[in-house]
**Student:** 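Here it is, the structure in full.
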Amino acid sequence: MGLLAYLKTQFVVHLLIGFVFVVSGLIINFTQLCTLALWPISKQLYRRINCRLAYSLWSQLVLLLEWWSCTECTLFTDQATVDHFGKEHAVVILNHNYEIDFLCGWTMCERFGVLGSSKVLAKRELRCVPLIGWTWYFLEIVFCKRKWEEDRQTVKEGLKRLVDYPEYMWFLLYCEGTRFTETKHRVSMEVATSKGLPPLKYHLLPRTKGFTTAVQCLRGTVGAIYDVTLNFRGNKNPSLLGILYGKKYEADMCVRRFPLEDIPADENGAAQWLHKLYQEKDALQEMYSQKGEFPGERIKPARRPWTLLNFLCWATVLLSPLFSFVLGVFASGSPLLILTFLGFVGAASFGVRRLIGVTEIEKGSSYGNQELKKKE
């Protein structure tokens, strides 16, 4: 084991990475709070500044994937599709099977220059999560309760606010509503059968309301739908903890572009189109399980240095005073001061672990289990 590989497995190193992320995130959140004063003066300037502030935080997570773990991301698509990336607003539909699927999506956002302006339809509980939820709030992320009767107006208003967004944005939709588990899949397929829809092997039945509303509200703003089907070579099931320990994965993403004008404008037509899309996604996953690859040309977008430079800047600014402080604590010889510091370290490690826990499948939302609860 080389020195770098050894360091990647050390708790102290993980704690330092977490320290940089948390403290820089709090600084960024405070700066975002201050930028609210710009909103009544120049809404677009506020948005541009917050895109860059968000990039400074999100890129630290992307760095873990592409520089720390050296995970490779390969696109299976065509060059004509890639030529549109970063040059138009788009709605991205991604399967929700893995703990780090969002991180693979963010990596592609970074490589095509839309990481800071990326959007998502997120569950309302995440708004209260420090750093992530707070940053999303300032980015005008659309939050929902996952109760469509209550969400309908909120989602529509949130989407319509984005029609004049000054930066090219990718709006991520997890149409399945929650991460794939065997239990949720079984219940979902019972619902599909009751509705006369074809069964899906690798996906949950898509929830159509959010998609059809997004298409209606963003028509004229968004240029296309990007359908992304993600899988990992070797039947791996990666985790954020694995990435933190430096484990290398190989992610394959089949990307298809559908011009928005090709999507039916009416709600029923758009819903039928989405169900058909997921049947095609299921066929793509079946092909991958048999052949180990998706159809299409292999394209590997080059990683950019900005995520690494951003982290090194934050680490230089934040770790230098931290090291000086730690030396001062132990040099003081005060048992109370040393125990207080160790207690703080323990609390910090617990906090970082809780943040990582947000991505874990077994701690995912109960959304999608309502039908199961009814049966029980």
**Student:** Sequence neighbours excluded, which residues qualify as side chain to side chain contact (heavy atoms under 4.5 Å, CB included) partners of K87?
**Tutor:**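 K87 satisfies side chain to side chain contact (heavy atoms under 4.5 Å, CB included) with no residue once adjacent residues are dropped.
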
**Student:** Checking Y165 now: which residues fulfil ring pair (Phe, Tyr, Trp, His ring centres under 6.0 Å) with it, not counting sequence neighbours?
**Tutor:** none

**Student:** Under the ring pair (Phe, Tyr, Trp, His ring centres under 6.0 Å) test, which residues partner F232, sequence neighbours left out?
**Tutor:**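 F232 satisfies ring pair (Phe, Tyr, Trp, His ring centres under 6.0 Å) with Y98 only.
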
**Student:** Going by the side chain to side chain donor-acceptor pair (under 3.5 Å) test, which pairs reach into residues 192-201, not counting sequence neighbours?
**Tutor:**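 Side chain to side chain donor-acceptor pair (under 3.5 Å) check on residues 192-201 returns K201-E286.
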
**Student:** Can you sort out the partners of H203 under side chain to side chain contact (heavy atoms under 4.5 Å, CB included), two or more places apart, ordered by chain and number?
**Tutor:** N95, E176, L200, Y278, K281, D282, Q285

**Student:** Going by distance alone, is a donor N or O of one side chain under 3.5 Å from an acceptor N or O of the other, for Y226 and E88?
**Tutor:**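 Yes, E88 and Y226 have a side-chain donor paired with an acceptor closer than 3.5 Å.
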
**Student:** Do the charged groups of R179 and E99 touch, with an N to O distance under 4.0 Å?
**Tutor:**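 No, no charged N to carboxylate O under 4.0 Å.
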
**Student:** Could you tell me if R303 sits above the aromatic ring of W67, with its cationic atom closer than 6.0 Å to the ring centre and no more than 45 degrees from the axis?
**Tutor:**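 Ring-cation test returns yes.
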
**Student:** Other members of the hydrophobic cluster containing L327, with the 4.5 Å side-chain heavy-atom rule, please.
**Tutor:**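 ILVMFWY cluster around L327 holds nothing else.
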
**Student:** Using distance only, find each side-chain donor-acceptor pair of residues 260-275 under 3.5 Å and give its atom names and separation, not counting sequence neighbours.
**Tutor:**
{"unit_1": "D266", "atom_1": "OD2", "unit_2": "G269", "atom_2": "N", "d": "2.7"}
{"unit_1": "E267", "atom_1": "OE2", "unit_2": "K209", "atom_2": "NZ", "d": "3.0"}

**Student:** E157: which residues meet the salt bridge (Lys or Arg N to Asp or Glu O under 4.0 Å) condition with it, sequence neighbours left out?
**Tutor:**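 Testing E157 for salt bridge (Lys or Arg N to Asp or Glu O under 4.0 Å), a comparison that skips the adjacent residues, returns none.
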
**Student:** Does NZ or CZ of K8 come closer than 6.0 Å to the centre of the six-membered ring of W68, within 45° of the ring's axis?
**Tutor:** yes

**Student:** Report the relative orientation of the aromatic rings in W106 and W136; use parallel for angles under 30°, tilted for 30 to 60°, perpendicular for over 60°.
**Tutor:**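 The rings of W106 and W136 stand perpendicular, inter-plane angle above 60°.
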
**Student:** Sequence neighbours excluded, which residues qualify as ring pair (Phe, Tyr, Trp, His ring centres under 6.0 Å) partners of Y137?
**Tutor:**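 Here no residue qualifies.
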
**Student:** What pairs with Y168 under ring pair (Phe, Tyr, Trp, His ring centres under 6.0 Å), at least two apart in sequence or on another chain?
**Tutor:**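 Partners of Y168 under the ring pair (Phe, Tyr, Trp, His ring centres under 6.0 Å) test: H89.
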
**Student:** Can you list every ring pair (Phe, Tyr, Trp, His ring centres under 6.0 Å) pair that touches residues 295-320, not counting sequence neighbours?
**Tutor:**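 Pairs touching residues 295-320 that pass the test: none.
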
**Student:** Hydrogens and angles aside, do T213 and K156 bring a side-chain donor and acceptor to less than 3.5 Å of each other?
**Tutor:** no

**Student:** Please determine whether a side-chain nitrogen of the Lys or Arg among E167 and R52 lies less than 4.0 Å from a carboxylate oxygen of the Asp or Glu.
**Tutor:** yes

**Student:** Hydrogens and angles aside, do Y249 and E72 bring a side-chain donor and acceptor to less than 3.5 Å of each other?
**Tutor:**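 E72 and Y249 do not have a side-chain donor-acceptor pair below 3.5 Å.
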
**Student:** Show the atom names and distances, to 0.1 Å, of all donor-acceptor pairs under 3.5 Å that link a side chain in residues 17-33 to residues at least two apart or in another chain.
**Tutor:**
{"unit_1": "S24", "atom_1": "OG", "unit_2": "V20", "atom_2": "O", "d": "2.6"}
{"unit_1": "S24", "atom_1": "OG", "unit_2": "F21", "atom_2": "O", "d": "3.1"}
{"unit_1": "S24", "atom_1": "OG", "unit_2": "Q60", "atom_2": "NE2", "d": "2.9"}
{"unit_1": "N29", "atom_1": "ND2", "unit_2": "Q32", "atom_2": "OE1", "d": "3.0"}
{"unit_1": "N29", "atom_1": "ND2", "unit_2": "T135", "atom_2": "OG1", "d": "2.9"}
{"unit_1": "T31", "atom_1": "OG1", "unit_2": "I27", "atom_2": "O", "d": "2.8"}
{"unit_1": "Q32", "atom_1": "NE2", "unit_2": "N50", "atom_2": "OD1", "d": "3.1"}

**Student:** Less than 4.5 Å apart, side chain to side chain, heavy atoms only: is that true for R256 and L284?
**Tutor:** yes

